[in-house]
Asks: 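Would you mind keeping the following structure in view while I ask a few things?
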Amino acid sequence: MVEELVTAGAAVLSCGAVYAMAAARVVKQYERGVVLRLGRLMPHVREPGFTMIVPMVDRLHKVNMQIVTMPVPAQEGITRDNVTVRVDAVVYFKVVDAADAVVQVEDYRFAVSQMAQTSLRSIIGKSELDDLLSNREKLNQGLELMIDSPALGWGVTVDRVEIKDVSLPETMKRSMARQAEADRERRARVINADAELQASKKLAEAATQMADAPSALQLRLLQTVMAVAAEKNSTLVLPIPVELLRFLERAHEGPQHPSVQASPGSRKQSDRPAESATGEQPGAEAVFEGEAPGLEAPESPATAAEVPEIPERPEAPAAAGEPSHRQGDGDHPNGQSSSDSGTGTAITGQA
């Protein structure tokens with residue numbers, strides 16, 4: 001009888017030990033325990049420490065409450081200014097409600113990862129390239145809001161989101177490098193021009209001051225000679241006044257006398273004695289001198305003296321005071337009329 005009681009007590013103790021071992025659970029400090037009894041959520045979340053559940057009835061789900069660092073795979077997209085970029089980011093989130101993280105979503109880590117990738121693509125399409133490169137703080141805040149809004153219903157809150165790297169095509173990198181180089185060159189030229197302007201103002205003030213005191217210019221010249229002699233001892237400097245150079249330049253130019261050109265009046269006076277000697281008609285002189293008054297002779301190397309003379313025709317000398325156009329047909333050596341003679345005289349004058 002005693003042996004049976006001892007055996008029964010040992011069996012009970014063994015069952016109790018097995019039950020205790022099956023029901024005992026330990027929840028760590030950074031975890032929370034969610035108990036599902038026969039598939040239903042228990043209202044109380046088990047705190048860190050030792051806890052007991054009903055074996056074969058309850059199931060304990062431990063949820064990590066630490067901040068999770070999740071890298072977002074690189075996403076390729078086209079920005080608003082039509083530039084293809086490849087952007088990757090990192091998300092920091094944690095669980096704030098263990099019960100919702102177990103009940104509301106199947107796998108909250110996978111859900112947050114997919115939401116982060118979708119939000120990152122959306123941010124790339126809405127932003128410009130300059131914003132992705134220089135205004136990342138604003139983009140990080142927008143990306144955090146886009147991920148945090150649906151994650152609140154899963155018992156998850158997003159702590160922060162950071163864009164890690166923005167990969168650009170090689171052609172775009174070269175274009176941006178040329179743009180930056182041109183901008184730096186422009187700023188350098190502006191600074192150099194500003195320095196030249198300030199230097200010119202100071203030089204103008206110095207020139208005005210030296211104009212009032214000529215001895216100051218001589219002192220400055222001596223200082224320049226001393227500076228050159230100190231650097232290059234083999235160089236000989238001979239200062240020459242600027243006024244002497246200007247005097248030599250004016251003397252070298254000298255006055256220029258214009259060449260005298262023959263005027264139409266002198267040409268008329270030189271031709272009149274020859275016409276009177278030959279006894280030609282006055283009409284020939286009128287035809288030769290039929291130039292418009294006030295017109296100057298063209299500037300040409302050929303002058304009136306270079307006009308070829310037509311040989312005179314052999315004819316009888318005209319009587320004194322008798323015009324040559326009254327000669328008869330018998331008086332002309334060739335038997336031509338007076339009208340023909342006048343015509344020939346006119347042609348000779350024109351030539």
Side-chain angles (χ1 to χ4, degrees), residues 1-75 87-124 139-165:
M1 188 68 183
V2 176
E3 295 178 358
E4 293 177 357
L5 292 174
V6 172
T7 304
V12 170
L13 291 175
S14 299
C15 292
V18 172
Y19 179 81
M21 292 176 63
R25 295 290 186 275
V26 176
V27 180
K28 298 178 181 179
Q29 182 65 35
Y30 54 85
E31 294 177 342
R32 297 296 183 269
V34 179
V35 179
L36 296 176
R37 179 167 295 173
L38 298 177
R40 298 187 62 180
L41 177 66
M42 299 300 294
H44 300 288
V45 177
R46 304 299 173 91
E47 296 296 327
F50 180 80
T51 184
M52 296 290 292
I53 62 173
V54 179
M56 307 298 295
V57 177
D58 296 343
R59 300 195 65 176
L60 180 64
H61 295 273
K62 297 179 181 180
V63 180
N64 192 339
M65 305 298 289
Q66 292 177 321
I67 295 178
V68 180
T69 303
M70 177 180 294
V72 181
Q75 304 297 316
V87 183
D88 56 351
V90 59
V91 181
Y92 302 91
F93 68 94
K94 64 179 180 179
V95 178
V96 294
D97 192 343
D100 290 341
V102 173
V103 177
Q104 298 297 333
V105 62
E106 179 181 1
D107 187 355
Y108 65 90
R109 291 175 179 267
F110 181 75
V112 171
S113 176
Q114 295 299 315
M115 180 56 64
Q117 296 179 29
T118 305
S119 302
L120 183 58
R121 292 195 193 97
S122 179
I123 286 293
I124 292 174
L139 296 180
N140 293 337
Q141 294 177 2
L143 188 59
E144 180 180 347
L145 291 176
M146 294 181 66
I147 300 174
D148 195 24
S149 298
L152 290 176
W154 306 334
V156 178
T157 180
V158 178
D159 188 64
R160 61 186 304 176
V161 181
E162 295 288 343
I163 295 177
K164 293 196 301 182
D165 186 24

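Nothing fancy with the numbering, it's 1 onward along the sequence.
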Asks: Return the minimal non-hydrogen interatomic distance between Val87 and Leu120, and the atom names on each side.
Replies: O-CD2, 3.5 Å
Asks: Search all heavy atoms of Val90 against all heavy atoms of Thr69 and return the closest pair with its distance.
Replies: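 Nearest heavy atoms, Val90 then Thr69: CG2-CG2, 3.7 Å.
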Asks: Looking at Arg109, is its backbone amide N or carbonyl O close enough to the side chain of Ser113 to form a donor-acceptor pair, meaning the two atoms are under 3.5 Å apart?
Replies: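 Flag not set: sc Ser113 to bb Arg109 has no pair under 3.5 Å.
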Asks: Under the criterion side-chain contact (heavy atoms from CB on, under 4.5 Å), which of Val158, Asp159, Val112 is the partner of Asp148?
Replies: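 Testing each of Val158, Asp159, Val112 against Asp148, the sole residue satisfying side-chain contact (heavy atoms from CB on, under 4.5 Å) is Val158.
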Asks: May I ask you to check whether over 12 heavy atoms, not counting those of Glu106, lie within 6.0 Å of atom CD?
Replies: no
Asks: How long is the span from the CD1 atom in Ile123 to the CD atom in Glu144, to the nearest 0.5 Å?
Replies: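 The CD atom of Glu144 is 11.5 Å from CD1 of Ile123, to the nearest 0.5 Å.
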Asks: Just verifying a value: how many Å separate Asn140 CG and Ile163 CD1, rounded to the nearest 0.5 Å?
Replies: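 Answer rounded to 0.5 Å: 5.0 Å.
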Asks: Out of curiosity, Asp100 CG to Trp154 CH2, how far, rounded to the nearest 0.5 Å?
Replies: 12.5 Å
Asks: What's the spacing between Gln29 CD and Gln66 CD if we round to 0.5 Å?
Replies: 10.5 Å
Asks: Residues two or more places apart in sequence or in another chain: which of them pass salt bridge (charged side-chain N to carboxylate O under 4.0 Å, His left out) with Arg121?
Replies: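 Arg121 satisfies salt bridge (charged side-chain N to carboxylate O under 4.0 Å, His left out) with no residue once adjacent residues are dropped.
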Asks: How far apart are the closest heavy atoms of Arg25 and Ala22, and which atoms are they?
Replies: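 Heavy-atom minimum between the residues: NH1-O, 2.9 Å.
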Asks: With sequence neighbours excluded, what pairs up with Leu41 under the side-chain contact (heavy atoms from CB on, under 4.5 Å) test?
Replies: Val34, Leu36, Ala99, Val103
Asks: Asp165 side chain to Asp88 main-chain N or O, any donor-acceptor pair under 3.5 Å?
Replies: no
Asks: Would you name the heavy atoms of Gly33 and Val27 that are closest together and state the gap between them?
Replies: N-CG1, 4.1 Å
Asks: Within a strict 4.5 Å, meaning less than it, do heavy atoms of the Asn64 and Val95 side chains meet?
Replies: no
Asks: Side chains of Ile53 and Arg46: closer than 4.5 Å at any heavy-atom pair?
Replies: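 They are in contact (side-chain heavy atoms under 4.5 Å apart), so the answer is yes.
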Asks: Other residues, nucleotides and ligands only: do more than 12 of their heavy atoms fall within 6.0 Å of NZ on Lys164?
Replies: yes
Asks: Holding to salt bridge (charged side-chain N to carboxylate O under 4.0 Å, His left out), I want the full list of residues that pass it with Arg32, two or more places apart in sequence or in another chain.
Replies: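 Listed in chain order: Glu47.
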Asks: List the residues meeting salt bridge (charged side-chain N to carboxylate O under 4.0 Å, His left out) with Arg37, not counting sequence neighbours, and say none if there are none.
Replies: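 Arg37: salt bridge (charged side-chain N to carboxylate O under 4.0 Å, His left out) contacts with Asp58.
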Asks: Which residues satisfy the side-chain contact (heavy atoms from CB on, under 4.5 Å) test with Pro73, sequence neighbours excluded?
Replies: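 Pro73 satisfies side-chain contact (heavy atoms from CB on, under 4.5 Å) with Gln75, Gln117 once adjacent residues are dropped.
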Asks: Give, for atom OG1 of Thr157 and atom CG of Asp97, the distance between the pair rounded to the nearest 0.5 Å.
Replies: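 It is 11.5 Å, given to the nearest 0.5 Å.
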Asks: Could you go through residues 13-21 and list every donor-acceptor pair under 3.5 Å that involves a side-chain atom there, pairing it with any protein atom two or more places apart or in another chain?
Replies:
| from | atom 1 | to | atom 2 | distance (Å) |
| --- | --- | --- | --- | --- |
| Ser14 | OG | Ala10 | O | 2.7 |

